[in-house]
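Structure, as structure tokens:
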Amino acid sequence: MAAGTEEEAALGYEQARDELIEVVRRLEAGGTSLEESLALWERGEELAKVCRRRLEGARARLDASLAAERATEAGAADGEE
């Protein structure tokens with residue numbers, strides 16, 4: 001399990017998204033066995049989690065940057081009075 005966790009941590013958003021798109025394409029195309037479909041579904045769930053975590057991390061960084069910018073602007077405005 002740790003190796004899978006390390007692999008997931010190494011995946012960037014774009015890589016995970018592209019692989020997820022391929023998983024969905026294969027599932028929608030059909031023609032796979034039940035076992036293979038289940039394995040693809042599970043992989044898709046893992047990839048979706050990676051994408052969600054990456055997006056949440058990006059949102060948190062953006063929110064922190066915007067908050068810091070607002071604080072700087074508020075400080076500058078207070079100093080101008």
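Every value quoted in this text rests on a predicted model; they were computed, and no experiment measured them.
- Clustering ILVMFWY residues whenever any of their side-chain heavy atoms sit less than 4.5 angstrom apart, transitively, puts L47 in a cluster other than the one holding Y13.
- Under the 4.5 Å side-chain heavy-atom criterion for Ile, Leu, Val, Met, Phe, Trp and Tyr, L27 and I21 are members of distinct hydrophobic clusters.
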Show your working on side-chain contact (heavy atoms from CB on, under 4.5 Å) between R53 and V50 and close with a plain yes or no. CA-CA 5 Å; R53 281 193 302 265; V50 169; 3.6 Å; yes
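- Residues satisfying the salt bridge (Lys or Arg N to Asp or Glu O under 4.0 Å) criterion with E22, sequence neighbours excluded, are R25.
- Judged as a side chain to side chain contact (heavy atoms under 4.5 Å, CB included), and not counting sequence neighbours, the contacts of E36 are R26, T32, S33, L40.
- Here the CG atom belonging to L11 is positioned 11.0 Å from the CG atom belonging to L20, to the nearest 0.5 angstrom.
- With contacts defined as side-chain heavy-atom distances shorter than 4.5 Å, the pair R54/R17 does not qualify.
- With rounding to the nearest 0.5 Å, the separation of CG in D18 from CD in Q15 is 8.0 Å.
- Note on residues 61-76: no pairs pass salt bridge (charged side-chain N to carboxylate O under 4.0 Å, His left out), not counting sequence neighbours.
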Does E56 form a salt bridge (Lys or Arg N to Asp or Glu O under 4.0 Å) with R59? I'd like the steps, not just the answer. CA-CA 5 Å; E56 288 169 355; R59 180 180 306 230; over 6 Å; no
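- Atom-to-atom distance recorded for E46:CD and C51:SG is 12.0 Å, nearest 0.5 angstrom.
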